[in-house]
Student: 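The structure is given below, and queries will be raised subsequently.
Numbers for residues simply follow the sequence, beginning at 1. Fair warning: this is a prediction, and the values are worked out from it, not measured in the lab.
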Amino acid sequence: MDWVGGLAKRALLYVVVSLAVVLGVFFGGQLLFPEAFQPTPAEDKILFTEIDREDLSMEGRARIRVTIAPAAPIGPHLNSLHEVLLRQAARNLADANDADAVHVVLAVDDRLAAAPPLGDLQFAPDGRGWSGDEGWTYRLRMPQPPFPEKAGQILQAVLDYRATTDAGARSDRDLEDFIRGSVETDSAAIRSVLQPNYETTTGNAED
C-alpha cells in the first residue's frame, strides 16, 4: 500500500505548491500595485431629502432654515439616529451654502412637513450662535419622551381626519377617536405626537 502513501504525499505537495503560488501572486500584486488592493473609500451618503428652504439672513450673517425628511425610513422613536441625521444635514448645508448659521428641522416624512418635527438643530460653525452674539455652536431640540414608533401613522390619521371633517365639527376627542380607529395605539402615544415635549441642549462644539 506504499503507492497510497505516495499519492497522498504528492497530493499534499500539490496543494502546498498551489497555495504558495496563489499567495505569491496576491502579495506580489500588493507590492507592485498597492492601490489595486486598497478598499475604495465609501462616499459620504446623503441621508436626507430637502423639503423646504427659507433664507433668514440678516446684515452680516448668512442664515438659512431648511426642513428635511429622512431619505430612507427611520423609526420615529429612534432619537439617537435623528440626532446623527440632523448633525450631518447641518454640516452639509452650512458648507454647501457658505452659511454662518443653519436651522435644520427634521420632519417625520416629506408629506408631514407642517407636523410636529422629530427634532431640530441650529448650527453655527463659527461658534457665535444664531444671531451672531450668543456664543454657542449648536442648539439641539429633541422630543422627550421620543415619538412612538407609529408617529407617522398617527400624523397621517390627523390629515385624514381634517380631510373628511368640516372645521366647525372637529374636536380633540373626535380626533383621538378617529386616530384610534385608524391606528392601533393608545392615548399617551397620540398625545406625545400631537403635543410633544421638547428638551433643548446647547453646546460649544460640533460633537
Side-chain angles (χ1 to χ4, degrees), residues 43-163 167 190-207:
E43 296 181 357
D44 289 337
K45 294 182 179 179
I46 302 301
L47 303 178
F48 61 90
T49 300
E50 185 173 323
I51 301 174
D52 186 52
R53 174 185 294 239
E54 186 176 2
D55 187 343
L56 298 175
S57 297
M58 55 186 289
E59 185 175 354
R61 195 153 187 82
R63 308 184 306 187
I64 55 173
R65 183 179 188 271
V66 181
T67 301
I68 65 170
I74 299 177
H77 59 300
L78 300 176
N79 263 8
S80 58
L81 293 183
H82 302 154
E83 182 177 340
V84 170
L85 181 54
L86 282 165
R87 289 178 182 275
Q88 187 216 39
R91 286 192 295 267
N92 287 352
L93 290 166
D95 291 343
N97 296 277
D98 196 23
D100 298 308
V102 297
H103 183 189
V104 184
V105 179
L106 179 59
V108 175
D109 64 39
D110 56 7
R111 301 164 302 155
L112 302 168
L118 293 172
D120 66 272
L121 174 68
Q122 292 181 320
F123 174 53
D126 60 6
R128 295 169 53 198
W130 181 249
S131 66
D133 57 7
E134 293 169 276
W136 48 259
T137 304
Y138 70 88
R139 178 167 287 170
L140 176 69
R141 200 173 64 114
M142 301 294 291
Q144 296 295 340
F147 277 16
E149 192 168 356
K150 294 183 178 180
Q153 297 176 48
I154 291 171
L155 291 170
Q156 183 59 52
V158 173
L159 296 182
D160 294 342
Y161 173 77
R162 290 175 179 173
I190 293 172
R191 284 194 296 271
S192 73
V193 174
L194 302 186
Q195 300 174 339
N197 174 58
Y198 291 96
E199 291 186 359
T200 302
T201 305
T202 302
N204 292 313
E206 187 176 339
D207 49 21

Student: Is R61 salt-bridged to D126, going by a charged N under 4.0 Å from an acidic O?
Tutor: yes
Student: Distance check, rounded to the nearest 0.5 Å: T202 atom OG1 versus E134 atom CD?
Tutor: 9.0 Å
Student: Looking at L93 and R53, what are the two nearest heavy atoms and their distance?
Tutor: CD2-NH2, 3.8 Å
Student: If you take all heavy atoms of P116 and P196, which pair is closest and at what distance?
Tutor: CB-CG, 3.8 Å
Student: Report yes if the side chains of L194 and L155 come closer than 4.5 Å at any heavy-atom pair, otherwise no.
Tutor: yes
Student: Would you find more than 12 non-hydrogen atoms of other residues, nucleotides or ligands less than 6.0 Å from E50 atom CD?
Tutor: yes
Student: Quick check: do F48 and V104 have side-chain heavy atoms less than 4.5 Å from each other?
Tutor: no
Student: Nearest heavy-atom pair of A89 and I68: which atoms, and what distance?
Tutor: CB-CD1, 3.7 Å
Student: Search all heavy atoms of Y138 against all heavy atoms of N204 and return the closest pair with its distance.
Tutor: CE2-N, 4.4 Å
Student: Start with the C-alpha distance between E83 and N79, add both sets of side-chain angles, then the distance that settles side-chain hydrogen bond (donor to acceptor under 3.5 Å, both in side chains), and finish with yes or no.
Tutor: CA-CA 6 Å; E83 182 177 340; N79 263 8; over 6 Å; no
Student: Could you pull out the closest heavy-atom pair between A107 and T67, with the gap in Å?
Tutor: CB-CG2, 4.3 Å
Student: For R162, does the CZ atom sit with more than 12 other heavy atoms under 6.0 Å from it, leaving out its own atoms?
Tutor: no
Student: With no hydrogens and no angle check, just 3.5 Å: does a side-chain donor-acceptor pair link T200 and R141?
Tutor: no
Student: If we only count heavy atoms from C-beta on, is the L86 to L140 side-chain gap below 4.5 Å?
Tutor: yes
Student: State, with a plain yes or no, whether a side-chain heavy atom of M142 is found less than 4.5 Å away from one of T201.
Tutor: no
Student: So, for P117 and F147, which heavy atoms are closest and what is the spacing to 0.1 Å?
Tutor: O-CZ, 3.4 Å
Student: Would you say that P143 contacts S192 through its side chain, given a criterion of any heavy-atom pair below 4.5 Å between the two side chains?
Tutor: no
Student: When rounded to the nearest 0.5 angstrom, what is the spacing between CG in D109 and CD1 in I51?
Tutor: 7.5 Å
Student: Give the ring-plane orientation class for H103 versus W130, where under 30° counts as parallel, over 60° as perpendicular and anything between as tilted.
Tutor: perpendicular
Student: Is a side-chain N or O of R63 found less than 3.5 angstrom from the main chain of L56, in a donor-acceptor match?
Tutor: yes
Student: Does atom CG of N197 have more than 12 heavy-atom neighbours from other groups under 6.0 Å away?
Tutor: yes
Student: Side chains of V102 and N97: does their closest heavy-atom pair fall under 4.5 Å?
Tutor: no
Student: When you look at L106 and L85, which way does the side chain to side chain contact (heavy atoms under 4.5 Å, CB included) test go after all the steps?
Tutor: CA-CA 8 Å; L106 179 59; L85 181 54; 3.8 Å; yes
Student: Do R128 and D100 touch side chain to side chain, with heavy atoms closer than 4.5 Å?
Tutor: no
